[in-house]
There are 2 protein chains.
Amino acid sequence: MVGLPARGKTFTARKLVGYLSWLGYPTQAFNVGEHRRVTVGPGQSHEYFDPANEDAARQRAGLAKDALDDACRWLRQAGRIAVYDATNSTRERRRSIRKRAEAEDFELLFVEIVNDDPAIIEANLRETKLRSPDYEGVPEAQALADFRKRIAHYENEYETLGEDEGAWVRLRNRGAQVVINRVYGYIVGRVVFFLSNLQVSDRPVWLTRHGQSVFNMQGRIGGDASLSVSGAEYAQSLAAHVRDAFPAAANLDVWTSTLRRTILTAEPLGLQTGSWKALDEIHAGACEGMTYAEIERSMPGEFQARRRDKLEYRYPRGESYLDVIHRIDRVLIELERYRTPVLVVAHRAVLRAMVAYFQQLPIVETPHLDMPLHTVIKLTPTAYGCLEERVPLAPQVEN
Amino acid sequence: MVGLPARGKTFTARKLVGYLSWLGYPTQAFNVGEHRRVTVGPGQSHEYFDPANEDAARQRAGLAKDALDDACRWLRQAGRIAVYDATNSTRERRRSIRKRAEAEDFELLFVEIVNDDPAIIEANLRETKLRSPDYEGVPEAQALADFRKRIAHYENEYETLGEDEGAWVRLRNRGAQVVINRVYGYIVGRVVFFLSNLQVSDRPVWLTRHGQSVFNMQGRIGGDASLSVSGAEYAQSLAAHVRDAFPAAANLDVWTSTLRRTILTAEPLGLQTGSWKALDEIHAGACEGMTYAEIERSMPGEFQARRRDKLEYRYPRGESYLDVIHRIDRVLIELERYRTPVLVVAHRAVLRAMVAYFQQLPIVETPHLDMPLHTVIKLTPTAYGCLEERVPLAPQVEN
């Protein structure tokens with residue numbers, strides 16, 4: 001990461017770690033500020049960050065090096081992507097990082113966050129920095145003044161990324177402008193695409209499974225069945241709930257899969273609806289239309305393999321949860337950039353993957369998340385994560 | 001489009017029209033140069049492009065307006081995306097385009113092509129402009145000198161895109177740097193992602209279907225069968241052919257689907273292989289494992305529906321050709337940016353979609369392209385399209 005304090009580096013790093021982990025790449029952030037608070041203790045005033053303060057500068061350089069060492073060690077051992085979350089605000093500093101990456105044979109991408117809108121910086125300051133352990137117990141006005149001086153120390157020596165600094169992406173003013181420089185690799189390409197679409201938004205997202213289907217009643221998986229009587233009742237409850245909970249419902253977009261049970265569930269809403277093939281339920285291939293008991297009886301090997309590793313197990317000529325994650329990737333990126341509120345009417349496996357993304361849950365938990373029928377989930381992004389509310393609606397049924 | 005002459009605007013416009021048409025969006029380019037050649041006649045010398053030449057300037061403004069009128073008329077009637085291919089090199093010119101777009105309620109995206117590498121400009125000049133009807137029968141040195149003067153007329157008044165000019169993307173030096181400004185919509189987002197990954201390359205791509213499978217012999221579709229004896233022989237022929245035709249074969253990457261018949265076909269090559277779920281054959285859903293005769297007998301309605309519209313017909317709980325196109329989109333974008341030569345071992349429907357993309361064929365032809373077994377297709381991009389060579393290998397079998 002590259003950028004002055006309070007520009008949103010840590011927010012971006014956290015989103016990136018969440019996204020890449022969700023795709024299945026072991027990813028971890030290494031934050032120099034946290035390292036400092038552990039080693040030196042929190043609550044250093046701005047003087048500590050003054051380059052003229054030579055003792056502190058030496059100490060800060062040592063902390064930065066320690067965090068980089070940690071990142072490199074982790075990459076050599078278990079990791080795939082390390083996000084080195086520090087200001088890295090001078091060409092000299094970045095040159096030394098590049099030398100290190102080359103020596104270790106790691107691919108390097110700088111992600112610079114630039115913000116020249118004072119209102120956004122002010123909001124960042126209030127939302128995140130004032131809650132930092134560095135200012136615990138410090139009156140707000142005093143904390144703000146100190147942090148502004150801390151920023152000023154960095155501003156004096158800040159150098160933006162130059163064309164000759166290899167692969168990088170610069171995000172300006174929360175995605176209003178994105179500059180991509182010499183980015184060619186596959187994973188870095190996905191990172192850049194994700195970052196280019198990342199908006200900082202507190203717009204909530206509503207999720208629900210379709211109403212109960214005839215197949216649900218019979219315990220059969222897959223297929224393209226219609227709604228049961230209870231399922232059709234849920235579609236009515238959902239429409240009433242949305243009209244209630246979201247008075248400006250005319251501004252709500254509804255996304256369904258291409259399968260009948262989601263389209264029928266959305267119908268009573270009477271809103272603008274788009275149907276995505278990418279939101280279809282996990283494809284059970286040769287097991288479509290079977291009950292779990294039938295699979296266990298007629299294909300015991302498959303049944304066992306799925307029980308052993310539900311995340312990576314792929315149905316014969318069907319999909320795994322990991323396949324579903326990579327297939328809905330583009331829907332999620334679209335959701336991240338979308339400006340209209342959205343209700344997603346989809347399926348159990350698909351919604352498990354979506355909740356895992358928004359809540360940044362460990363990928364192995366994805367196939368086991370609780371995802372009941374006839375329940376609306378409202379996810380509201382916050383600076384530090386995501387607020388989840390679940391509202392069960394009538395009629396409640398077995399899952 | 002925005003950019004000086006010979007920067008590659010028309011090449012980019014053509015790629016964009018091909019890509020968006022392939023995705024199923026009616027897209028057309030409106031080229032002011034072609035309009036001029038039809039109306040005024042080809043072969044105008046550089047004086048015609050001198051802003052000081054008032055008569056010609058008035059005429060050129062009229063031609064530009066005519067082409068824009070054509071684009072708008074087409075958008076109102078049948079089109080979804082019009083690519084307005086002209087220099088549009090001043091803010092004033094672009095302001096008038098924006099006013100027009102706002103009046104018509106069209107979304108607007110400027111695509112600026114900037115090149116400050118003299119070697120690339122020189123190559124563009126020689127590859128495209130010298131072959132233009134404007135210079136038919138003109139000696140090369142004279143044509144070059146005239147075109148350089150034509151560029152100079154535009155250079156004097158050229159203004160690069162400013163932050164206040166709305167949604168735009170700037171592509172510098174063949175993708176070395178990409179700047180994205182205020183791009184938020186869905187289709188424009190896909191356009192920008194495509195353009196960001198577009199390299200100008202003459203690197204060929206090899207395609208082949210898997211060797212004959214046991215299901216092919218039985219006339220069954222879908223499934224995950226192994227190779228027949230002939231299919232295994234083809235895998236050997238393919239390996240020998242690749243070693244012959246591509247001496248630096250160690251540098252070749254091989255992409256297969258996740259299905260057994262492609263993986264087994266690639267095996268004798270002994271090269272670095274990646275397997276993509278996105279390259280799997282069109283999913284026949286409820287018809288997997290059936291013969292066409294069986295489908296006709298037991299599901300006559302489905303059989304007829306598919307015959308009527310093979311492009312959009314979707315198998316029950318399976319896919320349509322259009323689904324396949326949207327699913328392999330990301331493989332193709334990856335292929336566009338990839339720098340290593342690639343051999344793709346895949347399936348009939350998938351390869352039809354890939355050839356349709358590279359050859360910019362009308363989308364309705366996609367499901368009907370000839371795609372025989374045991375044949376290697378080599379596609380070599382050129383400035384104006386794509387060269388296709390087909391080499392049948394032993395043993396030849398029924399399809």
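All values below were derived from every heavy atom in this structure, side-chain atoms included, with hydrogens, water molecules and symmetry-related copies excluded. Each chain gets a letter, A, B and so on, in the order its sequence line appears, and its residues count up from 1.
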[X] [atom1]: over 12 foreign heavy atoms closer than 6.0 Å:
X	atom1	result
A/Met217	CE	no
B/Arg80	CZ	no
B/Asp105	CG	no
A/Gln272	CD	no

Problem set entry | Derivation and outcome, salt bridge (charged side-chain N to carboxylate O under 4.0 Å, His left out), residues B/Arg314 and A/Asp224 | CA-CA 13 Å; B/Arg314 181 180 281 156; A/Asp224 191 14; over 6 Å; no

Exercise. Got B/Glu319 and A/Thr258 here, is their nearest side-chain heavy-atom distance under 4.5 Å?
Worked result: no

Partner chain B: residue of [options] with the largest heavy-atom pair count (under 4.5 Å):
options	result
A/Phe193, A/Trp168, A/Tyr184	A/Tyr184
A/Glu288, A/His283, A/Arg182	A/His283
A/Asp280, A/Val192, A/Ile180	A/Ile180

For this session: May I ask you to decide if the ring planes of A/Tyr186 and B/Trp276 are parallel, tilted or perpendicular, using 30° and 60° as cut-offs?
Result: perpendicular

For this session: Among B/Val178, B/Val179, B/Asn181, find the one that has a side-chain contact (heavy atoms from CB on, under 4.5 Å) with A/Val179.
Result: B/Val179

Exercise. Of the listed residues (B/Gln177, B/Arg317, B/Arg339), which shares the most heavy-atom pairs with chain A below a 4.5 Å separation?
Worked result: B/Arg317

Exercise. Of all of B/Arg170, B/Glu281, B/Lys277, B/Glu163, which one pairs up most often with chain A through heavy atoms under 4.5 Å apart?
Worked result: B/Lys277

[X] versus chain A, heavy atoms under 4.5 Å apart: side chain, backbone, both or neither?
X	value
B/Arg327	neither
B/Asn197	neither
B/Val169	neither
B/Arg260	neither

For this session: Identify whether the distance between the nearest side-chain nitrogen and carboxylate oxygen of B/Arg190 and A/Glu334 falls below 4.0 Å.
Result: no

Problem set entry | Toward chain B, the part of A/Leu259 with a non-hydrogen atom under 4.5 Å | side chain

